[in-house]
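Protein chains get the first letters and strands the later ones, always in sequence-line order, with residue 1 at the start of each.
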Amino acid sequence: MSQYHEEDEPNYSIMEEEMPYLKREDEKTVLISAQPPSLIPPPVIEFDSAGRKSAPGKRKPCNCTRSQCLKLYCDCFANGEFCLNCNCKDCHNNLEFNHERSRAIKQSLEKNPQAFKPKIGVATKGINSDMERLHQKGCHCKKSNCLKNYCECYEAKVACTDRCKCRTCRNTEADRQVRFTDRFPMSSDFDRRTPISEDEAEEPVSSKSVKTHPWYYLTDDVVETTTMCLLGQVHESEQKNESTSETIKALCGEFGSCLLQIFDATRKAQQNELLSTKKEYITPSDLS
DNA sequence: GAGTTTGAAACT
DNA sequence: CAGTTTCAAACTC
Ligand SMILES: [Zn+2]
Ligand SMILES: [Zn+2]
Ligand SMILES: [Zn+2]
Ligand SMILES: [Zn+2]
Ligand SMILES: [Zn+2]
Ligand SMILES: [Zn+2]
């Protein structure tokens, strides 16, 4: 994979990094029918090419009907993956049509050498934090105000930048900051700061099991943050001109998201309690 | 589920 | 490069 290192050919080095089954041969890019990416050991990918969260094993099945999953219209193809358990019709994005598929990849690649590179920069990779987690090409939205998932920036949960050519954008960094959801993602390891009642605060015995109940984490801070998130959601829904029912639906989602984070803190507290039966102190490395 | 809306990708 | 068409997903009801 790394037998070619030519400084003046950045495209190929990128391609070899992103698509191991591509090889350089003479002045051409040649696709070798090596192991398909989906069969290669562990594709530990956190984000797909569009910046969406992508659980390594699972992938949203496509429903392509006219592209044969051999154009970038197909998300599977665009992610450099084979179709598997998809609902596509007349799919050629598989080993049966490997040759045709390789030709299609090559075709897309010569149209745009960056075609299979992630559209959204990976979020800080150790020392190399140059790659911003922002859309590299920018969106061109006209009617969604960049407030719906039609917008690739919004879908990837990143702010629009000057690279975008969107009209009436409501997804600027400033816009996002008044929506709270992104500003205060309640860290699941927040501490309880405000005692709910004085009795309980001075109860040494109950402190062992009380932390395993969700309501223990309903501190003022958490309640306030949750409320802020909901208000931010209302704000966003109003900008979208959403109907009341859609607004309520969105609010339910937001509230559920907050509740899950609170519950997550509960779950971690339970784990800590289990660990503390053997250890006096828990080091941060125990948590993860 | 049916029908509409949307903007990237493809095409001219 | 710009204008148009095609396409599959996002969205609405
Ligand atoms: Zn497909
Ligand atoms: Zn597919
Ligand atoms: Zn397919
Ligand atoms: Zn946009
Ligand atoms: Zn944008
Ligand atoms: Zn925008």
Whether the side chain of N79(A) engages the backbone of E81(A) through a donor-acceptor N/O pair (distance < 3.5 Å, no angle test) should be reported.
no

Any donor and acceptor pair, going by atom type alone, linking the side chain of T227(A) with main-chain N or O of V223(A) inside 3.5 Å?
yes

Expressed in angstrom and rounded to an integer, what is the separation of [X] atom [atom1] from [N] atom [atom2]?
X       : N       : atom1 : atom2 : answer
N171(A) : dG7(B)  : CG    : C1'   : 15 Å
L70(A)  : dA9(B)  : CG    : P     : 16 Å
N63(A)  : dT6(C)  : CG    : P     : 21 Å
H140(A) : dA10(B) : NE2   : P     : 14 Å
R59(A)  : dA9(C)  : CZ    : C1'   : 16 Å
D90(A)  : dC7(C)  : CG    : P     : 13 Å
Y154(A) : dG7(B)  : OH    : C1'   : 16 Å
Y150(A) : dT4(B)  : OH    : P     : 13 Å

May I ask you to evaluate whether [X] reaches the phosphate of [N], defined as a side-chain N or O under 4.0 Å from OP1 or OP2?
X       : N       : answer
N149(A) : dC11(C) : yes
N112(A) : dA9(B)  : no
T65(A)  : dA8(C)  : yes
K71(A)  : dA10(B) : no
K111(A) : dC11(B) : yes
K148(A) : dT12(C) : yes

Report, as yes or no, whether the 6.0 Å neighbourhood of atom CZ on R66(A) holds more than 12 heavy atoms from other residues, nucleotides or ligands.
no

D90(A) and H92(A): side-chain donor and acceptor closer than 3.5 Å?
yes

Checking contacts here: which listed nucleotide ([options]) is nearest the side-chain heavy atoms of [X]?
X       : options                   : result
S108(A) : dC11(C), dA10(B), dA8(B)  : dA10(B)
E246(A) : dC13(C), dC11(C), dA10(B) : dC13(C)
C62(A)  : dA9(B), dA9(C), dG7(B)    : dA9(C)
S67(A)  : dA8(C), dA8(B), dT6(B)    : dA8(C)
E152(A) : dA9(B), dG7(B), dA8(B)    : dA8(B)
K137(A) : dG7(B), dA10(B), dA9(B)   : dA9(B)
R66(A)  : dA10(B), dC13(C), dA8(C)  : dA8(C)

Give one of base, sugar-phosphate or nothing for [X], where a contact means two heavy atoms less than 4.0 Å apart.
X       : answer
D75(A)  : sugar-phosphate
K165(A) : nothing
C139(A) : sugar-phosphate
K119(A) : sugar-phosphate

Run the side-chain hydrogen bond (donor to acceptor under 3.5 Å, both in side chains) test on N171(A) and R176(A) for me, step by step, so that the C-alpha distance in whole Å, both residues' side-chain angles and the decisive distance to 0.1 Å come before the verdict.
CA-CA 6 Å; N171(A) 188 42; R176(A) 307 195 116 252; 2.9 Å; yes

Please confirm whether F82(A) and F97(A) have ring centers closer than 6.0 angstrom.
no

On DNA chain C, does the nearest nucleotide to Y73(A) precede the nearest nucleotide to K60(A) from the 5' side, or the other way round? Give the residue.
Y73(A)

